[in-house]
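Letters go in sequence order (proteins before strands), and every chain restarts at 1.
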Protein chains: 2
Amino acid sequence: MRKGEETRTRILDVAEAAVLQKGFGGTSIEELIAETGITKSGFFYHFRDKNELAKALLNRYIENDERIYDEIFNRARELTGDPLQSFLIGLKLLSELLSDLPNGHPGCLVAGICYYERLFDREIQEINRNAVLAWRRRFGRMIRDIVAVYPLREPVDVDQLADMVSSVLEGGIVLSKTLKEPNTLAEQVLMLRTFVKMLFLPVAEMPKASSGSAFHGGAEPH
Amino acid sequence: MRKGEETRTRILDVAEAAVLQKGFGGTSIEELIAETGITKSGFFYHFRDKNELAKALLNRYIENDERIYDEIFNRARELTGDPLQSFLIGLKLLSELLSDLPNGHPGCLVAGICYYERLFDREIQEINRNAVLAWRRRFGRMIRDIVAVYPLREPVDVDQLADMVSSVLEGGIVLSKTLKEPNTLAEQVLMLRTFVKMLFLPVAEMPKASSGSAFHGGAEPH
DNA sequence: TGAAAACTGTACCGGCGGTACAGGAGGGGA
DNA sequence: TCCCCTCCTGTACCGCCGGTACAGTTTTCA
């Protein structure tokens, strides 16, 4: 019983890394058993087929993901009672965590599976869907707490704003991976933070209309 | 010469739909030739291997993508000379185009390939990277035009703001696909539009602090 | 009309997902 | 001590797939 769990975990570890680099279709079972040092029969003892491996992988990934968000935003809530401030602090902590990843974000399994869709059964697609809905509920809850205290400066739908957090994270991961710029993801989260700040806080008075060109980014001569 | 191009295009059409539904690894060449009504030899006459198919597919996708953006934002520029207004109109047009897609957005090949990464050669990864950099340049150019006229109400980096457009699009596609809610993508683009608006325009005066709960979204009893 | 372009047909290879099944090591409870 | 259960190994096999090789055929158009 103990030994079995350990082997199973080792397979999942190897599989997760492989799937995030090559997708499900690009990851062969033979390659997984080679790296885990197990036989093919051993693999199929733990997982009936590739679909069940995907399911286990996805469930584990989502669980871990939720745990991380819980930690970050609970920590943020410990630091202040104000719902807006704790949300903003949470986003800051999240961006720091993301920029501390040594090789950049490895990729999101939810997105990976969404781009592999048709080869999995309805159950997996449902698990994936529920994970995204859980994000919507999580961030929606926090935003509703804010709205109860701060007036919204522009008419936006709370659930859509909650989805924006997921959008920017998923999109930021794609950009970061494609550009091979690990920092892009963290920067995008901070941009979202700026948006949230502007939606609920009065803008600081303009310092002196210095006509544009103040906050330009890197040079882009082309 | 003419006939060859036509067959090639037909293969690419079939392949694009398949790849967006199942990923590259999940798409078999045999399945492509079956649907195109061509033989295996015929397929390999047009494409040396799967990698070259991917390259052609990606290049065509990016080209088409650029064309669509050109059309939308040129059209927006025809409607007004003001850089901010034309950008906002462009985003509105984009969201309308996205919400008019009958079955929702089919998925972005750039993201699909980014999640399949390791199985392609450096060249493809470079094409992908350049596509994202082109988006950054495109939106960055428009934002710089705005910044030259309107003061930024919060200190944000222009390139990071430009990347936010790509982030929200890519993330919105993932959310839309996973949730099977075609509208989510268009809504996310409009959220981004609100952000851009707030960054450059003074906020409308608050109507009367009716203490929150004004713009709540759908009920979320959990 | 003739050469090049655009294929078809056939045969083959090795890798992969998956199945089937027999058997064995090791530990824990009766 | 014995037996059973968990956790594997080993072997053999199937059919699909990506890819190669190459000879031959039809279509196109200059």
Side-chain angles (χ1 to χ4, degrees), chain A residues 1-58 60 112-113 115-121 123-124, chain B residues 1-58 60 112-113 115-121 123-124:
Chain A
M1 228 196 274
R2 189 55 138 295
K3 184 79 181 308
E5 279 303 305
E6 192 200 301
T7 306
R8 206 183 131 95
T9 302
R10 236 171 53 238
I11 297 175
L12 287 174
D13 288 341
V14 171
E16 185 170 317
V19 166
L20 287 175
Q21 284 190 342
K22 297 174 290 191
F24 262 96
T27 301
S28 73
I29 292 179
E30 317 243 351
E31 145 195 11
L32 298 181
I33 67 180
E35 200 164 337
T36 333
I38 208 179
T39 62
K40 209 180 210 183
S41 317
F43 175 88
F44 284 107
Y45 171 78
H46 288 286
F47 305 98
R48 202 182 310 117
D49 52 27
K50 228 184 175 185
N51 194 79
E52 208 174 89
L53 172 70
K55 206 197 301 172
L57 219 47
L58 184 56
R60 199 181 71 144
I113 283 183
Y115 271 104
Y116 197 67
E117 206 184 3
R118 284 294 144 88
L119 286 199
F120 292 125
D121 55 24
E123 192 185 350
I124 288 197
Chain B
M1 226 198 271
R2 188 55 138 296
K3 183 78 181 310
E5 280 301 307
E6 191 200 303
T7 305
R8 208 182 129 96
T9 301
R10 236 170 54 238
I11 297 175
L12 288 174
D13 287 342
V14 171
E16 185 169 317
V19 166
L20 287 176
Q21 285 191 341
K22 295 173 292 192
F24 262 97
T27 301
S28 74
I29 292 179
E30 318 242 352
E31 147 197 8
L32 298 181
I33 66 180
E35 201 164 337
T36 331
I38 208 179
T39 61
K40 208 180 212 184
S41 317
F43 175 90
F44 284 107
Y45 171 78
H46 287 286
F47 305 98
R48 203 181 310 116
D49 51 26
K50 230 184 174 185
N51 193 79
E52 208 174 88
L53 172 69
K55 206 196 302 172
L57 219 46
L58 183 57
R60 198 181 72 144
I113 283 184
Y115 271 104
Y116 198 67
E117 207 182 5
R118 285 294 144 87
L119 287 199
F120 292 124
D121 55 23
E123 191 186 351
I124 287 198

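Considering only side-chain N and O atoms, Y45(A) lies nowhere under 4.0 angstrom from the phosphate OP1 or OP2 of dC8(D). A close approach under 4.0 Å does occur between a side-chain nitrogen or oxygen of T7(B) and OP1 or OP2 of dC7(C). Considering only side-chain N and O atoms, H46(B) lies under 4.0 angstrom from the phosphate OP1 or OP2 of dC7(C).
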Annotated protein contacts, base or backbone, on nucleotides 11-26 of chain D with a non-hydrogen cut-off under 4.0 Å, one of B, S, - each: B-----BBBB------
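Under a 3.5 Å cut-off, the side chain of D49(B) and the backbone N or O of E52(B) do form a donor-acceptor pair.
Here dT6(D) presents its C1' atom at 14 Å from CZ of R8(A), a figure rounded to the nearest Å. One can place CD1 of I11(A) at 12 Å from P of dC7(D), the figure rounded to the nearest angstrom. Atom P of nucleotide dC7(C) and atom CD1 of I38(B) are separated by 5 Å, given to the nearest angstrom. The nearest whole Å value for the distance from the CG atom in L53(A) to the C1' atom in dC16(C) is 15 Å. Distance CD (E5(A)) to P (dC8(D)): 10 Å, rounded to an integer number of Å.
For the salt bridge (charged side-chain N to carboxylate O under 4.0 Å, His left out) test, residues two or more places apart in sequence or in another chain that qualify with D13(A) are R60(A). Among residues two or more places apart in sequence or in another chain, the side chain to side chain contact (heavy atoms under 4.5 Å, CB included) test is passed with K55(A) by N59(A), E123(A), I124(A), I127(A). Scanning for side chain to side chain contact (heavy atoms under 4.5 Å, CB included) contacts around A34(A) gives an empty result, with sequence neighbours left out. Scanning for side chain to side chain contact (heavy atoms under 4.5 Å, CB included) contacts around A56(B) gives R8(B), L12(B), F47(B), with sequence neighbours left out.
Screening residues 32-45 of chain B for side-chain hydrogen bond (donor to acceptor under 3.5 Å, both in side chains) gives E30(B)-K40(B) as the qualifying pairs, with residues at least two apart or on separate chains.
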